[in-house]
Every structure is written in structure tokens, then in C-alpha cells.
Student: 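Attaching a single structure in C-alpha cells format; questions to follow.
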Amino acid sequence: MSQRIQSIRGMQDVLPAENALWHTLERTAAEVFAVYGYEQIRLPIMERTGLFERGVGEVTDIVEKELYTFEDRGGESISLRPEGTAGAVRAGIQHGLLHNATQRLWYVGPMFRYERPQKGRQRQFHQFGVEAFGQTGPDVDIEQIAMSSRLFKRLGISGLRLEINTLGTPAERATYRDALHGYFSAHHDALDADSQRRLDRNPLRILDSKNPEMAELIAAAPSLTDYLGEESAAHFQGLCDGIEALGIDYTINPRLVRGLDYYTRTVFEWLTDDLGAQNAVCSGGRFDGLVDQLGGSDTPATGFAMGVERVVALMEAQGVALDDLAPQAYLVHTGDTASARVPALAERLRDALPELRLRVHAGGGSFKSQFKKADKSGARLALVFGDDEAADDTLQIKPLTDDREQERVGLSEAPARIAALLADARG
């Protein structure tokens, strides 16, 4: 017997039984983004490697250690996208979407990072991304925090907490970087190997360390808020005032820096205590310099990314209400005459009831075996069509989820009766 081929480590299948969670999230997110005026954009999963080196930053774990990169047949270095913002900016520049215009965009799809698979962190994972271009003030930052908060409420997710911070401008951060470098250099022996590697290249990333042995050292490090100019301080105060006006609770976390180089000023995260170590379900902020960095004109921008797998895990943990994807009716049939008419009958029902989720039995079998499959499918109704029903143009309808009697109706009356029974079942 030949060896079975398994999925690649860290790249998981989403099976039909799990898809109600994904469907509920995807539908709800699309609805929420639309009511805020965000339009969907679909981006390729592969880009030139240079896009991520320039956009994400060469001195990041993503580019240094996690990119899936290969040389194509033309000799060009290509990478699977590790995140979506750089691709969205590239598309905006390439197609002229950002020229003297504001844009509100969103996308969803798989991302790829080569890292050790664990709960809540896979090599292929999925994200929603939201990006707004062309607006400078904190109002759009506030809008995106409000939009993400509304999405979680619509999903029925509770217990999240919001943390915010500001990273200032690149010039302010450069001054702060020098202060951090001096501070951590004075404590070099207390740094772990990763932090020692980051010290000269990007000391801000040391603040993002999850090593508990360094927590006290990091807590005593200089704070970026002490290095903010007047404009950045006013922007951050406006952000705080706006969030408070919405009645959203938040905490200022001066050690929140985010792992990507392109962020400026606002950064935020929605966190949960229900998923263990992988506690961030939505992260974002402002990236005013990225469009210019990637070859476009100077364009302010802000956005966030939300991990689909983590939100799905949170929905499952909290038992949120899910979209019902099971068939509503299961059509069983027997007899040569009846079975020959079943495809046309099924299409007639679908024409009359466009929203009806109807599964038609295939593969033959007795009524008893077909009814077992109807019960297993989760359908509320079994529609019975045999040679007797074919002879007098009737259909029998048998409720499967309550004790009502089976009834026989004419084919012309069947759609209305099916609709009425399903409406009664919904209560």
C-alpha cells in the first residue's frame, strides 16, 4: 500500500464541520466593513521579495527568519506574503488609487510565515486587513478602533481589552532609539540572545520581548512618550479623547511597539485571556511613511489586521451563535419513474425558494437508509418522492425535528408549504 500524503506541517485544512465559524466571521466582517464605507480589494499571495524587505523591514523576524522565499524560473526572488499591508500599498500605488484621493479598503486571505507551529500560530494562517489612506488626524484611527469593537460585539465576543500606544514620528523614534540603545547597552549581560541581536539593529523590538526574565528590565526602560514632539503628543491625546468619547475602555501600554518597522504614531491591540499565550486577536496602527517608502507620494495611512484562526478559536471558546449551514430539506426518492423526475423537481423547488438549502439524495438505497442520511444531515424536513407521488404530482413532507405528522401536498403547493414549515421551525 502506498504511503498517504499528509498536509504540510503548520498548514491546516478547515473541514466542513468547522466552516460555520468561519462563515459567520467572514459574513459579519464584510457587513461591518461595508457600513463604514470600506471596499474590498483582492491581492495576490505572492509578491517580489523586495516589497517585504522595503515595506516590512529587513531587521524584523518576519524578513530575517520567516519569509517563504524562492527563485522563480526567471531568476526573480519571490515570496509568499507574510502580511497584507505592503501588498495593499503596492496595489494602491500601481493602480493610482492613492493619487489625490482617500481610500478605505479591506481584504481577507491566507498569509505565510515559517515559524514553529503551535496553538494559535500556524505557517499558513488567515487575516482580515483594513487600510485607510489619505487622512492625517486621529479620527480615522478612532474609526477603525470603533469598527473593530463593533465587529466583536456583532459576533457576540466579550472580554476583550484594548491597549494603545504611540510610536511618534520616525525622527522622534530615532532619538528614542538612541536612548534605548544606551539603556540596554548598560545592561547587556541581562539581555537574552534575541535581544542582544536586536540591540544594535532595532532596540525597540526588545520592548516586545515575551521573556519573563527580562520583564523588570524592560519595565524600567525609557518611555517614548518622553520624546514626543508637540504634534505627536496632540495626535495621541486626540486619539485618547476620541476613544473615551465612544465609551470604549482602554489601557495605555508604553511597551506596545508592534513587530513591523512601518508603524508611526498610533498602535493598538485587542487582547484576550481566553487563548493562552497567543492573546492578540487584532492589531493595528498608523503607517504614514510606508507609501512614500514604497515609491508613492507621501500619503498618511492607518489600518489593522485580525487573525481569522484566533477569532474563530475565541468564537468557539465563548459559544457564539453561528450561521446555520446545514441543509433545510433533504429530498429522498425511490422508483425509476420518480427518480428520473427528481432533478427537475429539485430545480423547480430551488426556483420557487431561492434561499432553500436543499440536499438531494444520490446513490440509491432504501427509504430507511435515505432517512438515516437525512437525519444525519441536520435537515429539518424530509421531502419524499416515490412512484406513487410521481403518478399524482404530489410530494410528502416529513418534519424531522419535531413530532408533527407527515403530510402530502400537490407539487404546485409544495414550495409555499415548505416555506411555512421552515418558518415555524425558526420560531
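Computed over heavy atoms, backbone and side chain alike; hydrogens, waters and symmetry mates excluded. Heads up: numbering here begins at 1 and tracks the sequence.
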Student: Quick one: pull up CD in Q12 and CD in Q122 and give me the separation to the nearest 0.5 Å.
Tutor: 4.0 Å

Student: Going by atom types only, do D141 and T266 share a side-chain donor-acceptor pair under 3.5 Å?
Tutor: yes

Student: So does L353 get a backbone contact from the side chain of E355, meaning a donor-acceptor N/O pair under 3.5 Å?
Tutor: no

Student: Evaluate salt bridge (charged side-chain N to carboxylate O under 4.0 Å, His left out) for R380 paired with D402, printing each intermediate quantity in order.
Tutor: CA-CA 9 Å; R380 298 188 182 100; D402 57 49; over 6 Å; no

Student: Go through the structure and list residues passing salt bridge (Lys or Arg N to Asp or Glu O under 4.0 Å) with R104, not counting sequence neighbours.
Tutor: E143

Student: Counting distance only, does the side-chain N/O of Q406 pair as donor-acceptor with the main-chain N or O of P399 below 3.5 Å?
Tutor: no

Student: I'd like to know if the side chain of T49 and the backbone of S77 have a donor-acceptor N/O pair within less than 3.5 Å.
Tutor: yes

Student: Between F52 and R81, is there a cation-pi geometry (under 6.0 Å to ring centre, at most 45° from the normal)?
Tutor: no

Student: Could you check, using the six-membered ring where one of them is a Trp, whether F33 and W106 have ring centers closer than 6.0 angstrom?
Tutor: yes

Student: Going by atom types only, do T175 and D178 share a side-chain donor-acceptor pair under 3.5 Å?
Tutor: no

Student: Any ion pair linking D194 and R205 (charged N to carboxylate O, less than 4.0 Å)?
Tutor: no

Student: Just wondering, more than 12 heavy atoms not from M46 lying within 6.0 Å of its CE?
Tutor: no

Student: Inspect the surroundings of CD in E316 and state if more than 12 heavy atoms from other residues, nucleotides or ligands are less than 6.0 Å away.
Tutor: no

Student: Run V332 and L383 through side chain to side chain contact (heavy atoms under 4.5 Å, CB included) and show every step you take.
Tutor: CA-CA 6 Å; V332 303; L383 310 180; over 6 Å; no

Student: Is there a donor-acceptor pair closer than 3.5 Å between any side-chain N or O of D72 and the backbone N or O of G75?
Tutor: yes

Student: Evaluate M306 against L25 for side chain to side chain contact (heavy atoms under 4.5 Å, CB included), listing each step before the verdict.
Tutor: CA-CA 11 Å; M306 184 174 65; L25 171 57; 4.2 Å; yes

Student: Any chance the side chains of Y107 and Q127 put a donor and an acceptor closer than 3.5 Å?
Tutor: no

Student: Given the rule in the side chain to side chain contact (heavy atoms under 4.5 Å, CB included) test, do Y38 and V32 qualify, once you have shown the distances and angles that lead to the verdict?
Tutor: CA-CA 9 Å; Y38 285 73; V32 170; over 6 Å; no

Student: Anything under 3.5 Å between a donor and an acceptor, one on a side chain of residues 345-352, the other on a protein residue two or more places apart or in another chain? List them.
Tutor:
| residue | atom | partner | partner atom | Å |
| --- | --- | --- | --- | --- |
| E347 | OE2 | R350 | NH1 | 2.7 |
| R350 | NH2 | L358 | O | 3.0 |

Student: If we count only N and O atoms by modelled type, under 3.5 Å, do the side chains of N165 and N253 hold a donor and an acceptor together?
Tutor: no

Student: Atom CZ of residue position F371 - does it have more than 12 heavy atoms of other residues, nucleotides or ligands inside 6.0 Å?
Tutor: yes

Student: Does the ring center of Y183 lie less than 6.0 Å from the ring center of H187?
Tutor: yes

Student: Keeping S148 on the side-chain end and Q144 on the backbone end, is there a donor-acceptor pair under 3.5 Å?
Tutor: yes

Student: Under a 4.0 Å N-O cut-off, is there an ion pair linking E47 with R90?
Tutor: yes

Student: For side chain to side chain donor-acceptor pair (under 3.5 Å), just list the numbers for T85 and E131, CA-CA rounded to whole Å, side-chain angles, deciding distance to a tenth of an Å, and then say yes or no.
Tutor: CA-CA 7 Å; T85 298; E131 322 287 5; 2.8 Å; yes

Student: Check step by step if side chain to side chain contact (heavy atoms under 4.5 Å, CB included) holds for E18 and D13.
Tutor: CA-CA 10 Å; E18 304 167 297; D13 302 304; over 6 Å; no

Student: So, are R27 and D323 salt-bridged, with charged N and O less than 4.0 Å apart?
Tutor: yes

Student: Below 30° counts as parallel, above 60° as perpendicular, anything between as tilted: where do the rings of Y330 and H361 land?
Tutor: tilted

Student: Please check if the side chain of S195 supplies one atom and the backbone of L191 the other of a donor-acceptor pair under 3.5 Å.
Tutor: no

Student: Is the count of non-hydrogen atoms from other residues, nucleotides or ligands lying under 6.0 Å from R150 atom CZ greater than 12?
Tutor: no

Student: Which residues satisfy the salt bridge (Lys or Arg N to Asp or Glu O under 4.0 Å) test with E231, sequence neighbours excluded?
Tutor: R265

Student: Less than 3.5 Å apart, any donor N or O on the side chain of D192 or Q196 sitting next to an acceptor on the other?
Tutor: no

Student: Rounded at 0.5 Å granularity, tell me how far CZ in R197 sits from CG in D200.
Tutor: 12.0 Å

Student: V281 pairs by side-chain contact (heavy atoms from CB on, under 4.5 Å) with which of L271, I157, L275?
Tutor: L275

Student: With distance as the sole criterion, is a donor-acceptor pair present between the side chains of T169 and S232 under 3.5 Å?
Tutor: no

Student: From the options L51, L97, L290, T299, select the one residue that forms a side-chain contact (heavy atoms from CB on, under 4.5 Å) with V89.
Tutor: L290

Student: Is it the case that more than 12 heavy atoms not belonging to L15 sit under 6.0 Å from its CG atom?
Tutor: yes

Student: Which pair of heavy atoms, one from A329 and one from L356, lies closest together, and at what distance?
Tutor: CB-CD1, 4.3 Å

Student: More than 12 foreign heavy atoms under 6.0 Å from CD of E213: is that the case here?
Tutor: no

Student: Just by distance, do the side chain of T28 and the backbone of L155 share a donor-acceptor pair under 3.5 Å?
Tutor: no

Student: Are L224 and R173 packed together at the side-chain level, in the sense that at least one heavy-atom pair is separated by less than 4.5 angstrom?
Tutor: yes

